[in-house]
Amino acid sequence: MNYWLFKSEPDAWSWQHQVDKGDAGEEWTGVRNYQARNFMRQMGLGDRGFFYHSQTDKAIVGTVEVIALSHPDSTTDDPRWDCVDIKALEAAKTPVTLETIKADPRLAGMVLVRNSRLSVQPVTEEEWRILCGMAGLTP
DNA sequence: GCCAACGTTGGC
DNA sequence: GCCAACGTTGGC
């Protein structure tokens, strides 16, 4: 299994929106960046990801599961853009803020720290375990 | 609200 | 294929 991080502006699509979709989940639409798209193409069914709120929260607020493989993004006719479907799994008991992440040397290599603009990104298994521990999430 | 970082576009 | 111009993202 692989681990990922999905970034969203809470004003546009929040964790609560995702939770409200339940097990049916929702397409992760709107990605218009090749790197992010390519990561989504690599995702497998059952892969896990963090749900990260940018801008106001700047924190990991929960976990999600990939429930549909990469397919054309229904919000555009441009054939270049694909997306996966994800469903909410578990809310973080303690959201882990960017500030906290930056303060931990074990997490200094995270894409989130090194390239703040990439909206879909890989997370290593070690980073996954560390962050789940901090957030009170089941790894 | 500003600005740095970065990605994309398009002219040459 | 290069690079300048431009647009967008996201942290602060």
Side-chain angles (χ1 to χ4, degrees):
Chain A
M1 173 167 18
N2 288 303
Y3 302 98
W4 311 94
L5 182 145
F6 296 86
K7 190 186 301 180
S8 185
E9 300 175 32
D11 287 347
W13 183 258
S14 70
W15 170 249
Q16 193 54 51
H17 284 122
Q18 191 68 53
V19 168
D20 289 346
K21 287 289 176 180
D23 286 344
E26 182 71 331
E27 292 183 322
W28 194 257
T29 55
V31 171
R32 300 292 182 267
N33 171 285
Y34 292 107
Q35 263 188 292
R37 182 207 63 186
N38 291 344
F39 286 132
M40 287 198 287
R41 286 182 173 177
Q42 293 171 28
M43 292 178 187
L45 290 177
D47 277 4
R48 302 293 171 88
F50 289 122
F51 194 106
Y52 176 87
H53 275 167
S54 64
Q55 305 201 345
T56 49
D57 282 4
K58 282 168 288 178
I60 289 170
V61 292
T63 51
V64 296
E65 179 180 336
V66 175
I67 57 168
L69 297 176
S70 181
H71 57 81
D73 183 333
S74 66
T75 62
T76 177
D77 290 332
D78 192 328
R80 290 177 299 172
W81 305 122
D82 295 340
C83 65
V84 296
D85 294 9
I86 61 173
K87 70 171 184 180
L89 278 187
E90 188 183 11
K93 292 183 183 63
T94 311
V96 181
T97 64
L98 181 63
E99 190 183 8
T100 303
I101 292 169
K102 283 186 164 175
D104 192 320
R106 295 173 299 170
L107 302 172
M110 281 191 72
V111 182
L112 191 66
V113 176
R114 310 184 78 117
N115 179 4
S116 60
R117 292 189 47 191
L118 188 60
S119 62
V120 177
Q121 50 183 265
V123 171
T124 68
E125 193 176 348
E126 188 189 1
E127 290 161 354
W128 181 263
R129 274 193 262 103
I130 293 167
L131 287 162
C132 283
M134 290 173 150
L137 286 157
T138 313

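Everything quoted here is computed from the prediction, not taken from an experiment. Quick note on labels: first sequence line is chain A, next is B, and so on, each numbered from 1.
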Expressed as a whole number of angstroms, how long is the span from [X]:[atom1] to [N]:[atom2]?
X      : N      : atom1 : atom2 : value
A/Q55  : B/dC3  : CD    : P     : 18 Å
A/Y34  : B/dT8  : OH    : C1'   : 8 Å
A/L112 : C/dT9  : CG    : P     : 16 Å
A/K7   : B/dC6  : NZ    : P     : 12 Å
A/E9   : C/dG11 : CD    : P     : 10 Å
A/N38  : B/dG7  : CG    : P     : 13 Å
A/D57  : C/dG11 : CG    : P     : 11 Å
A/N33  : B/dT9  : CG    : P     : 11 Å

For residues 60-73 of chain A, which residue pairs pass the salt bridge (charged side-chain N to carboxylate O under 4.0 Å, His left out) check, not counting sequence neighbours?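 Listed by first then second residue: A/R32-A/D73.
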Which pairs with one or both residues in residues 49-59 of chain A pass salt bridge (charged side-chain N to carboxylate O under 4.0 Å, His left out), sequence neighbours excluded?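 Passing the test, one end in residues 49-59 of chain A: no pairs.
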Given A/L112, A/V61, A/L137, the one that forms side chain to side chain contact (heavy atoms under 4.5 Å, CB included) with A/F50: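 By the side chain to side chain contact (heavy atoms under 4.5 Å, CB included) criterion, A/F50 pairs with just one of A/L112, A/V61, A/L137: A/L137.
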Side-chain-base donor-acceptor pair under 3.5 Å for A/R117 and C/dT8: yes
Side-chain N or O of A/Y52 closer than 4.0 Å to phosphate OP1/OP2 of C/dG11: yes
Is any side-chain N or O of A/Q35 closer than 4.0 Å to OP1 or OP2 of B/dG7?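 Yes, within the criterion.
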With a 4.0 Å cut-off on heavy atoms, is A/L98 in touch with a base, just the backbone sugar-phosphate, or nothing at all?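 Since only primed, P, OP1 and OP2 atoms lie under 4.0 Å of A/L98, the category is sugar-phosphate.
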Aromatic ring proximity A/F6/A/W13, centre distance under 6.0 Å: no
Which nucleotide in C/dG10, B/dC6, C/dG11 has an atom nearest any side-chain atom of A/K102: C/dG11
